[in-house]
Amino acid sequence: MLTPEEKQRYDRQMMIPGIGEAGQEKIKKARVVIAGTGGLGSPIALYLTAAGVGTLRIIDNDKVELSNLNRQILHWDKDIGKAKTASAYDKLSKLNKNVTIETVHMTIDKRNVSQLTEGFNVIVDAMDNMKTRYLLNQVAIKHQVPFVHGAVSGLEGRAMTVIPGKTACIKCVYHGLPPKAKFPVLGTTPAVIGAIEATEVIKYITGIGTLLTDRLLIYDGLNMKFTELKVVRNINCEHCGDAVTGK
Ligand SMILES: [Zn+2]
């Protein structure tokens with residue numbers, strides 16, 4: 001049940017056809033894990049907190065640095081040197097007290113990824129490296145929960161939603177690992193892609209609209225164009241192929 005305060009707070013989104021009070025209750029019950037609380041994680045966590053997602057788990061191993069502040073809008077000047085999870089908790093808990101914010105200051109790796117994401121309804125990619133994205137993709141397939149992927153560089157971004165067992169996964173799309181290197185980012189790029197990822201999460205939870213599945217959305221901010229690449233699930237995929245999932 002929603003409280004009178006919640007009904008007022010979420011009034012505008014509950015007006016959306018298909019959401020209503022029942023949809024808001026689904027959002028309230030949802031448990032979402034966000035891997036990373038940097039450029040992408042900041043808008044994702046802010047919008048999901050504002051929307052009233054019941055439980056948000058935020059995982060990050062980093063500390064706030066001055067060079068983060070052009071894009072990682074959850075972190076401010078006063079937070080330099082603090083753990084990003086602590087800085088995120090500080091802002092998010094003040095934005096919406098109805099949301100339970102769990103923070104995990106840890107590096108996601110092969111050994112802990114399953115435990116860190118178990119019991120959540122959606123896994124959200126807010127990482128800055130492919131290695132961890134692949135781990136999250138695999139664990140989402142293992143737990144049979146959706147994985148919302150996003151990535152940015154410069155003024156370009158990508159997004160895609162994976163529904164395990166039904167749609168293509170990110171390993172059906174990407175191969176190999178790009179060299180680990182510092183890359184440019186304009187702050188508005190993760191804002192655009194993060195907002196798209198948060199939209200996908202809310203749509204999945206409430207069951208409205210059409211998800212960004214079997215399509216890789218490419219945002220080109222420089223020329224202000226959105227394009228889509230059609231993606232087909234690879235039955236021989238290393239992560240979601242029939243041999244791996246035992247179909
Ligand atoms: Zn796949």
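Here the structure is a predicted model, which means the values were calculated and not measured. We're numbering straight along the sequence, starting at 1. For ligands, and for the atoms within them, numbers begin at 1 and follow the listed sequence.
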Problem - Residue of the set R9, Q8, K7 for which side-chain hydrogen bond (donor to acceptor under 3.5 Å, both in side chains) holds with E5 - result: R9
Is a salt bridge present between [X] and [Y], judged by a nitrogen-to-oxygen distance below 4.0 Å?
{"X": "K225", "Y": "D220", "value": "no"}
{"X": "D109", "Y": "K131", "value": "no"}
{"X": "D128", "Y": "K180", "value": "no"}

Exercise for the section: Run through the protein N/O/S atoms less than 2.8 Å from the Zn ion (ligand 1) and write them out by chain and number. Expected result: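 Metal shell, protein only: C169 SG, C172 SG, C237 SG, C240 SG.
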Exercise for the section: Taking atom types as modelled, find out whether Q24 and E6 have a side-chain donor-acceptor pair closer than 3.5 angstrom. Expected result: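 Absent: no donor and acceptor within the cut-off.
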For a quick test of your reading: what N or O donor-acceptor pairs under 3.5 Å do the side chains of residues 188-207 make, sequence neighbours left out?
unit_1	atom_1	unit_2	atom_2	d
T189	OG1	G154	O	2.8
T189	OG1	L186	O	3.3
E197	OE1	G150	N	3.3
T199	OG1	A195	O	2.6
E200	OE1	T161	OG1	2.7
E200	OE1	L212	N	2.6
E200	OE2	K203	NZ	2.6
K203	NZ	T210	O	2.7
T206	OG1	I202	O	2.7

